[in-house]
Every structure is written in structure tokens, then in C-alpha cells.
Amino acid sequence: MATPGQVANDMSAQATFWEKRDKRIGAACRDAARVIRDYLADKQVDGRTYGGLHRRLLDLSESRRYASFGIADNLDRALRTLQVLHAAAGAK
């Protein structure tokens with residue numbers, strides 16, 4: 001399993017790749033990288049930011065339209081990482 005830092009770096013690279021191909025995927029990847037890094041830096045992530053990103057990642061990873069793009073596994077991994085970090089931040 002990749003560390004949260006590795007997932008953030010992967011999402012940042014994915015954002016660069018997808019930016020000109022599909023703006024929704026690019027934005028979701030960029031936001032996932034930013035929020036993961038915020039959690040790692042012990043910054044406060046409000047529920048609305050987390051919830052909106054969670055919903056977008058879930059929608060994109062389960063969408064039939066994006067199934068053939070080969071990004072679903074990466075989005076799902078980012079989603080699982082965010083869930084773990086969010087739960088850990090709530091336990092503090």
C-alpha cells in the first residue's frame with residue numbers, strides 16, 4: 001500500500017496529465033492532492049471541502065463514462081486515503 005504522501009504525489013502527477021484531457025478529472029486529482037497534503041500537515045480541513053471532494057471522487061471512480069479512461073483505480077486509492085486521514089483527524 002502506498003503512503004499518503006505517495007498518493008498525493010500520484011494525484012498531482014495525474015492532475016497534470018488529465019488537465020488538458022478532462023477538466024473534471026484534473027480538478028479532482030489536484031484537489032485530492034491538496035487535501036491529502038493538508039491532512040498530512042495537520043491543517044484543518046472543513047467538512048464541506050472533504051464531503052465535496054469525497055462525492056466527486058466517488059462519482060468519477062464509479063462512472064461508466066470514465067470507466068474506459070483507466071483512472072478509476074487511482075481515484076479509488078485517493079478516496080480510501082482521504083477516508084483514513086479524515087477518520088484519523090477526527091480521532092484527534
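Worth knowing before you read on, the calculation uses all heavy atoms, side chains too, and leaves out hydrogens, waters and symmetry mates.
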Q: For the residue pair Arg65 and Asp22, establish whether any side-chain heavy-atom pair is separated by less than 4.5 Å.
A: yes
Q: Indicate, with yes or no, if Leu79 and Val84 share a hydrophobic cluster defined by side-chain heavy-atom contacts under 4.5 Å among Ile, Leu, Val, Met, Phe, Trp and Tyr.
A: no
Q. Can Asp46 and Thr49 be counted as having a side-chain donor-acceptor contact under 3.5 angstrom?
A. yes
Q.
Is the shortest side-chain heavy-atom distance between Arg80 and Leu85 below 4.5 Å?
A. no
Q.
Counting C-beta onward and ignoring hydrogens, is there a side-chain heavy-atom pair between Asn74 and Met11 closer than 4.5 Å?
A. yes
**Q.** Mutual orientation of the aromatic rings belonging to Tyr39 and Tyr50 [parallel < 30°, tilted 30-60°, perpendicular > 60°]
**A.** perpendicular
Q: Could you walk me through whether Ile71 and Leu60 pass the side chain to side chain contact (heavy atoms under 4.5 Å, CB included) test, one step at a time?
A: CA-CA 9 Å; Ile71 187 71; Leu60 289 171; over 6 Å; no
Q.
Is there a side-chain contact between Cys29 and Leu75 in this structure, where contact means two heavy atoms from C-beta onward sitting under 4.5 Å apart?
A. yes
Q: Would you indicate whether the side-chain heavy atoms of Ile36 and Val7 approach each other to under 4.5 Å?
A: yes
Q) In terms of the angle between their ring planes, are Trp18 and Phe69 parallel, tilted or perpendicular, with boundaries placed at 30° and 60°? A) parallel
Q. CD/Gln6 to CG/Asp10 distance, rounded to the nearest 0.5 angstrom?
A. 9.5 Å
Q: With sequence neighbours left out, write down each residue that passes side chain to side chain contact (heavy atoms under 4.5 Å, CB included) with Ala13, or none if nothing qualifies.
A: none
Q | Atom of Ala78, atom of Ala32 and distance for their closest heavy-atom approach | A | CB-CB, 4.3 Å
Q. Within a reach of under 6.0 Å around CZ of Arg24, are more than 12 heavy atoms found that belong to other residues, nucleotides or ligands?
A. no
(Q) Could you check whether Asp73 pairs with Arg77 (Lys NZ or Arg NE/NH1/NH2 to Asp/Glu carboxylate O, under 4.0 Å)? (A) no
Q. Where do Arg56 and Asp31 land on the side chain to side chain contact (heavy atoms under 4.5 Å, CB included) test, with the steps shown first?
A. CA-CA 10 Å; Arg56 283 190 295 147; Asp31 292 345; 2.6 Å; yes
Q: Starting at CZ of Arg30, measure out to CG of Leu53 and round the result to the nearest 0.5 Å.
A: 11.0 Å
Q) Would you say the side-chain atoms of Glu19 pair up with the backbone N or O of Thr16, donor to acceptor, closer than 3.5 Å? A) no
Q. Where do Ala33 and Ser12 come nearest, in terms of heavy atoms and distance?
A. CB-N, 3.9 Å
Q: Please test Val45 against His86 for side chain to side chain contact (heavy atoms under 4.5 Å, CB included), starting from the C-alpha separation and ending with a verdict.
A: CA-CA 9 Å; Val45 177; His86 182 72; 6.0 Å; no
(Q) For a side chain to side chain contact (heavy atoms under 4.5 Å, CB included) check, start with the C-alpha distance between Arg37 and Asn9, then their side-chain angles and the critical distance, and finish with the verdict. (A) CA-CA 9 Å; Arg37 288 182 179 132; Asn9 290 341; 2.8 Å; yes
